[in-house]
Amino acid sequence: MEVAKIVELLAGKFPTAILEQELEVKQPFLVLEAKQLPEFCEFCLKDERLYFDFLHCISGVDLGESSGKLELVYHLSSLIHEHQIVLKVRMERENPAPIPSVSAIWRAADWHEREAFDLLGIPFSDHPDLRRILLPDDWEGNPLRKDYVEAEKYRDIKIKY
């Protein structure tokens, strides 16, 4: 199915969920309202016309202090229908509100959401095991934030060389 048809179908089902769209780029994307994300994603998986059965990844992005935003980017594919779409959710950079987890829809989301939590400090509601995945539990800060300042030492071990 062509991206324009996919967007038409989704916009008809979720008239208030799509905040922005860009279809004339290499990877067409929709920016979604966070509260509707789980219902939107569940429809993307379960509707037979869409059947987005493969969540490639969820990438967290710090859009910088001037924008004041963080972004999550979800890459979806239907292996049967051979179509793709990118979904984005944006949130405030300072004290971001929890984003609804989609780990109950695609199991692969579990570790991707933990990585976004660990490296960018993006919280997820209803996640089954939200804790750091790459860094120790007592690590301070989120290294993929553009304003992150690396500590000199961790547990009396010099970090910088």
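- Residues Ile133 and Leu119 form no side-chain contact, since every pair of their non-hydrogen atoms from C-beta on lies 4.5 Å or further apart.
- Applying the salt bridge (Lys or Arg N to Asp or Glu O under 4.0 Å) test to pairs two or more places apart or on separate chains, those with a residue in residues 94-111 are Arg107-Asp110.
- For Asp47, the salt bridge (charged side-chain N to carboxylate O under 4.0 Å, His left out) partners are Arg49, not counting sequence neighbours.
- Side chains of Leu120 and Pro96 form no contact here, defined as non-hydrogen atoms less than 4.5 Å apart.
- Here the side chain of His83 pairs a donor or acceptor atom with the backbone of Leu50 at under 3.5 angstrom.
- When all heavy atoms of Pro38 and Ser101 are compared, the closest pair comes out as CG-O, 4.3 Å.
- Counting side-chain heavy-atom gaps under 4.5 Å among Ile, Leu, Val, Met, Phe, Trp and Tyr, the cluster of Leu79 also holds Phe54.
- Partners of Lys46 by salt bridge (charged side-chain N to carboxylate O under 4.0 Å, His left out), not counting sequence neighbours, listed by chain and number: Glu42.
- Between the SG atom in Cys41 and the CG atom in Leu55 there is a gap of 8.0 Å [rounded to 0.5 Å].
- Cluster membership check: Phe40 does not share its hydrophobic cluster with Val86, using side-chain heavy-atom separations under 4.5 Å among Ile, Leu, Val, Met, Phe, Trp and Tyr.
- Looking at Phe52 and Ile6, their side chains come closer than 4.5 Å, going by heavy atoms from C-beta outward.
- Listed by first and then second residue, the ring pair (Phe, Tyr, Trp, His ring centres under 6.0 Å) pairs involving residues 91-137 amount to none (not counting sequence neighbours).
- Remark: side-chain polar atoms of Glu113 are paired, donor with acceptor, to backbone N or O of Val102 under 3.5 angstrom.
- Partners of Lys69 by salt bridge (charged side-chain N to carboxylate O under 4.0 Å, His left out), not counting sequence neighbours, listed by chain and number: Glu92.
- Between the side chain of Lys88 and the main chain of Glu71, no donor-acceptor pair closer than 3.5 Å is present.
- Criterion: ILVMFWY side-chain heavy atoms under 4.5 Å apart, direct or through other members. Under it, Leu45 and Leu37 are part of a common hydrophobic cluster.
- A side-chain hydrogen bond (donor to acceptor under 3.5 Å, both in side chains) check over residues 7-17, counting only residues at least two apart or in different chains, returns the pairs Thr16-Gln36.
- Follow the hydrophobic side-chain contacts under 4.5 Å out from Val73 and you reach Leu63 in the same cluster.
- Taking hydrophobic clusters as Ile, Leu, Val, Met, Phe, Trp and Tyr residues chained together by side-chain heavy-atom distances below 4.5 Å, Leu23 shares a cluster with Ile85.
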Distance-only check: which donor-acceptor pairs under 3.5 Å involve side-chain atoms of residues 147-154, not counting sequence neighbours?
| from | atom 1 | to | atom 2 | distance (Å) |
| --- | --- | --- | --- | --- |
| Asp147 | OD1 | Arg93 | NH2 | 3.2 |
| Tyr148 | OH | Trp139 | NE1 | 3.0 |
| Tyr154 | OH | Asp138 | OD1 | 2.5 |

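- Within the structure, side-chain hydrogen bond (donor to acceptor under 3.5 Å, both in side chains) pairs that include any residue of residues 18-31 comprise Glu20-Arg90 (at least two apart or interchain).
- In this structure a side-chain-to-backbone donor-acceptor pair under 3.5 Å is present from Asn142 to Asp118.
- The aromatic rings of Phe43 and Phe14 sit perpendicular to each other, their planes meeting at more than 60°, with 30° as the lower class boundary.
- Cluster membership check: Leu144 shares its hydrophobic cluster with Val89, using side-chain heavy-atom separations under 4.5 Å among Ile, Leu, Val, Met, Phe, Trp and Tyr.
- Looking at Ser78, its side chain does come within 3.5 Å of a backbone N or O of Tyr51 through a donor-acceptor pair.
- The side-chain heavy atoms of Leu70 and Val61, taken from C-beta on, include no pair separated by under 4.5 Å.
- From Cys57, atom SG reaches atom CD of Glu115 across 9.5 Å, with rounding to the nearest 0.5 Å.
- Considering every non-hydrogen atom in both Gly121 and Pro123, the closest pair reads O-CD, 3.2 Å.
- Of the possible polar contacts, none joining the Arg114 side chain to the Leu130 backbone as a donor-acceptor pair under 3.5 Å is found.
- Every residue two or more places apart in sequence or in another chain was checked for a side chain to side chain donor-acceptor pair (under 3.5 Å) with His81, and none qualifies.
- The environment of Glu33 atom CD is dense: over 12 non-hydrogen atoms of other residues, nucleotides or ligands sit within 6.0 angstrom.
- Residues Ser77 and Gln84 approach most closely at OG-CG, 3.2 Å, considering heavy atoms.
- Side-chain contact between Ile105 and Cys44: absent, with no pair of heavy atoms (C-beta onward) separated by less than 4.5 Å.
- For residues 97-106, the set of pairs meeting the salt bridge (Lys or Arg N to Asp or Glu O under 4.0 Å) definition, not counting sequence neighbours, is empty.
- With rounding to the nearest 0.5 Å, the separation of CD1 in Ile99 from CG in Leu72 is 6.0 Å.
- Evaluation of the salt bridge (charged side-chain N to carboxylate O under 4.0 Å, His left out) rule for Glu140 yields no partner, not counting sequence neighbours.
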